[in-house]
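Quick note: numbers below take in every heavy atom, side chains included, and nothing from hydrogens, waters or symmetry partners.
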Amino acid sequence: MKNQEIAEIFYEIADILEIQGVDWKPNAYRKAAQNIESLSEDIVDVYKKGKLEDIPGVGENISRKIEEIIKTGKLKYLRKLKKQVPIELEKMMSIPAIGPRTAKLLFDKLKVKSIKDLKKAAKLHKIRKLKGMGEKTEREILEGIKTLEGSKGRFLLGHVLPATREIEEEIGRLPEVKQISLAGSVRRMKETVHDVDVLVSTDKPKKVIKFFVGMDDVKRVLAKGSTKASVKLSGGLQVDIRVVENDYFGSALQYFTGSKEHNIELRKIAIRKGFKLSEYGLFKGRKVIAGKKEVYVYKKLGLPFIEPELREDKGEIEAAASYKLPKLVKEKDVKGDLHVHTKWSDGSDRIEEVARAAKERGYKYLGISDHVSRVRIVHPLDKRRLLKQMKEIEKVNKKKLGITLLKGAEVDIDKNGKLILSNDVLKKLDFVIASIHSGFKSDVREITNRIVKAMENPFVNVIAHPTGRLMQKRKPYSVDFDKVFEAAKDNNVALEINSFPDRLDLNYVNARAAKEKGVKLIIGTDSHSKEHLGFMELGVGVARRGWCGKKDVLNCLDYGKLKKWLNK
DNA sequence: GCCGTTTTCGGCCCGACTGTTTTCAGTCG
């Protein structure tokens, strides 16, 4: 039974209780679920140690329920609740305009239990007859179902970032705009985002909002008020703008960056100190004591500045209060990229082109790592072509481009944990990345064994994308990270944070666990063209969300030290 | 249901916008 599965159960309980109109309990269950979800340790281990109640938000009652789930795989309480409220809650509530109260109303009056029922009811115009509902709500619900069916609910950070920056620039060019910043989950570098938040300060809110809803890419205006507006872009992405006065841009930025959970904790601190915190500032009575800048808000609450990527209420507030926040790695700390494909396998650019682009980015070194694989589609290298490629790399190095190329390869791990290239070839390389590209469906033991065995090969330096996930396409394979972390340390092997937009693997939870265990990380882009080198920002985002500093990331080392590490 | 440098009982974040209403509940973030 995994942490995630147990968390899901408590989320479900929270939803049902909310529908039933129960006060406070939903929050308590949700809080517990969040903390279980983000636990880096296996909850079964925590249970065995008798430490369940050490998890924040878990008390006597919930810990008893966790025990029941671990022992029996089920929870009677949830079953009972489900019988009382037999509704597809999670899906229903993902439809805009439907929250717990409306779901309850729809069930009570129209026996709507599922999206299917909902669609039918809306099409038959039954919903508009309910109290508090109308034509417009009905249309919005149908629209929402369409969106859900097209699964356009969440977007990959790497895919929305470019468009988002364009919008930021476009609005920023307005002379009326004093300050502008992205906020929300984009600013926190969350791997997927539901919408994009833009914060602007100006004396002319109407003008800015008018411009915003009239931008070229806007397909639909969802809401438009005097201080905020929401639009849907043609690609389906929702963008929200919030317009404030310059005097409280800081507190507004703090507020709109979130996360919600982080902000709730901050407000509690404010209350304890006799203050009140909102987007309009930090107040002592009626007096504003902080608002202009984000950092002042934290300061007046007795805290140092907390980087946006950490603001998830995962211990950052406690760490800040005791001045134990980590100094996070920055993109400019990265000295090179070690996961790059070229035309030799399935990349689209030649070695020299990629090298020049890497040099442009300020890198000191670049590791070429084309595929050695049995997957035909990637046009893999065999021994002969690999040796030939190494010659070409040497040739490019002689051109003195101001960047050093390292000879590497991304070699498949076979189903027994062996690399599909013999050691006498591997040892000629500067570095070896090992990765799993087949047999994803094997069980956790098998996968873990394959990875561990690969790490025991003396020439392996990095395990690429350790869980193999492709967001929105393929689930991660199960890996026993305790074992993998141990083996990584024992064998001086680094784990990769793969920066490709749909991978981001390790994810930030695992990256943080790795860091805490003292495992070294490498941030690689898995570039298949020179433009992909820019994905580094996403991997750095993951590392930052995982509390990693530059000392945790090997490709922040300069060339000499990195080379030494690679030679083990 | 959880939690505690105000508390083991009594709190539990805060505000904007919308639709459907004539003053507000529900949703959203």
_Could you check whether Glu516(A) pairs with Arg512(A) (Lys NZ or Arg NE/NH1/NH2 to Asp/Glu carboxylate O, under 4.0 Å)?_
yes
*Should the pair Arg311(A) and Phe305(A) be classed as cation-pi, given the thresholds of under 6.0 Å to the six-membered ring centre and 45° from the axis?*
yes
*Do Lys111(A)'s NZ or CZ and the ring of Phe107(A) fall within the cation-pi criteria of under 6.0 Å and 45°?*
yes
_Just N and O in the side chain of Lys228(A): are any of them under 4.0 Å from OP1 or OP2 of dC17(B)?_
no
*asked:* With rounding to the closest Å, how many angstrom separate the C1' atoms on dT8(B) and dG4(B)?
replied: 8 Å
*Same-atom distance (C1') from dG10(B) to dT6(B), integer angstrom*: 12 Å
*Could you give the NZ-to-C1' distance, from Lys268(A) to dG10(B), as a whole number of Å?*
14 Å
_I want to verify a distance call: between dG19(B), dA16(B), dG1(B), whose nearest atom is closest to the Lys136(A) side chain?_
dG19(B)
*Please determine, by modelled atom types, if Asn3(A) and Glu41(A) share a side-chain donor-acceptor pair under 3.5 angstrom.*
no
*asked:* What verdict does the salt bridge (Lys or Arg N to Asp or Glu O under 4.0 Å) test give for Arg30(A) and Asp15(A), after you've listed the backbone C-alpha separation in whole Å, the side-chain angles of each residue and the deciding distance to 0.1 Å?
replied: CA-CA 9 Å; Arg30(A) 224 160 258 147; Asp15(A) 285 345; 2.9 Å; yes
*Base paired to dG19(B) (Watson-Crick or G-U; both N/O distances under 3.5 angstrom)*: dC24(B)
*Which whole number of Å gives the distance between the P atom of dT22(B) and that of dC28(B)?*
22 Å
*asked:* Using atom P in both nucleotides, what's the gap between dC14(B) and dC9(B) to the nearest angstrom?
replied: 25 Å
*Looking at every strand, decide which applies to Lys65(A) at a 4.0 Å heavy-atom threshold: base, sugar-phosphate, or nothing.*
sugar-phosphate
*At under 4.0 Å between heavy atoms, what does Ile95(A) touch on the DNA or RNA strands: base, sugar-phosphate, or nothing?*
sugar-phosphate
*asked:* Please tell me if Ser230(A) has a side-chain N or O lying less than 4.0 Å from either OP1 or OP2 of dC17(B).
replied: no
*Tell me what Glu135(A) touches on the nucleic acid: a base, only sugar-phosphate, or nothing, going by heavy atoms under 4.0 Å.*
sugar-phosphate
*Please work out if Pro100(A) contacts a base, only the sugar-phosphate, or nothing of the nucleic acid, heavy-atom cut-off 4.0 Å.*
sugar-phosphate
*Nearest-nucleotide pick for Ile271(A), side chain only, options being dA16(B), dG29(B), dC14(B)*: dC14(B)
_P-based separation of dG11(B) from dA16(B) [nearest Å]_ = 25 Å
*Do Glu312(A) and Arg545(A) sit within salt-bridge range, that is, some charged N less than 4.0 Å from a carboxylate O?*
yes
*Is there a side-chain polar atom (N or O) of Thr227(A) under 4.0 Å from OP1 or OP2 of dC17(B)?*
yes
*At under 4.0 Å, does any side-chain N or O of Tyr77(A) touch on OP1 or OP2 of dG1(B)?*
no
*Report yes if at least one side-chain N or O of Thr102(A) is closer than 4.0 Å to OP1 or OP2 of dT27(B); otherwise report no.*
yes
*Sugar-phosphate, base or nothing in reach of Leu266(A), heavy atoms under 4.0 Å*: nothing
*Give the rounded distance in Å between these two atoms: NZ of Lys129(A) and P of dT20(B).*
14 Å
*Met133(A) vs Gly99(A), nearer the 5' end of DNA chain B by closest nucleotide*: Met133(A)
*With rounding to whole Å, what would you report as the distance between dC17(B) and dT21(B) at their C1' atoms?*
14 Å
*Separation of atom NZ in Lys25(A) from atom P in dG11(B), rounded to whole Å*: 19 Å
_Can you tell me which nucleotide in dG19(B), dG1(B), dC14(B) comes closest to the side chain of Lys276(A)?_
dC14(B)
*Atom CD1 of Ile66(A) and atom C1' of dG1(B): how far apart are they, to the nearest Å?*
12 Å
*Using the six-membered ring for Trp and the full ring for Phe, Tyr or His, decide whether Trp24(A) stacks on the six-membered base ring of dC2(B) (centres under 5.5 Å, planes under 30°).*
no
_Gap between atoms CD and P, on Gln254(A) and dG15(B) respectively (whole Å)_ = 14 Å
*Only one of Leu504(A), Val542(A), Leu156(A) clears side chain to side chain contact (heavy atoms under 4.5 Å, CB included) with Glu191(A); which?*
Leu504(A)
_When you measure from the centre of the six-membered ring of Tyr77(A), is the NZ or CZ of Lys65(A) closer than 6.0 Å and no more than 45° off the axis?_
yes
_Tell me whether the side-chain N/O atoms of Asn27(A) come closer than 4.0 Å to OP1 or OP2 in dC12(B)._
no
*Between dT20(B) and dA25(B), how far apart are the C1' atoms? Round to whole Å, please.*
10 Å
*Which whole-number value in Å describes the distance from Leu301(A) CG to dT5(B) P?*
17 Å
*asked:* Counting only side-chain heavy atoms from C-beta out, which of dG1(B), dG29(B), dT20(B) sits nearest to Thr137(A)?
replied: dT20(B)
*What does Glu60(A) touch in the nucleic acid at a heavy-atom separation under 4.0 angstrom: a base, only the sugar-phosphate, or nothing?*
sugar-phosphate
*To the nearest Å, give me how far apart CD (Gln238(A)) and P (dT27(B)) are.*
17 Å
*Residue whose nearest DNA chain B nucleotide is more 5′ - Tyr255(A) or Ile55(A)*: Ile55(A)
*How many Å lie between CG on Asn263(A) and P on dG15(B), as a whole number?*
13 Å
*Name the nucleic acid region contacted by Lys224(A), choosing base, sugar-phosphate or nothing; use a 4.0 angstrom heavy-atom cut-off, strictly under.*
sugar-phosphate
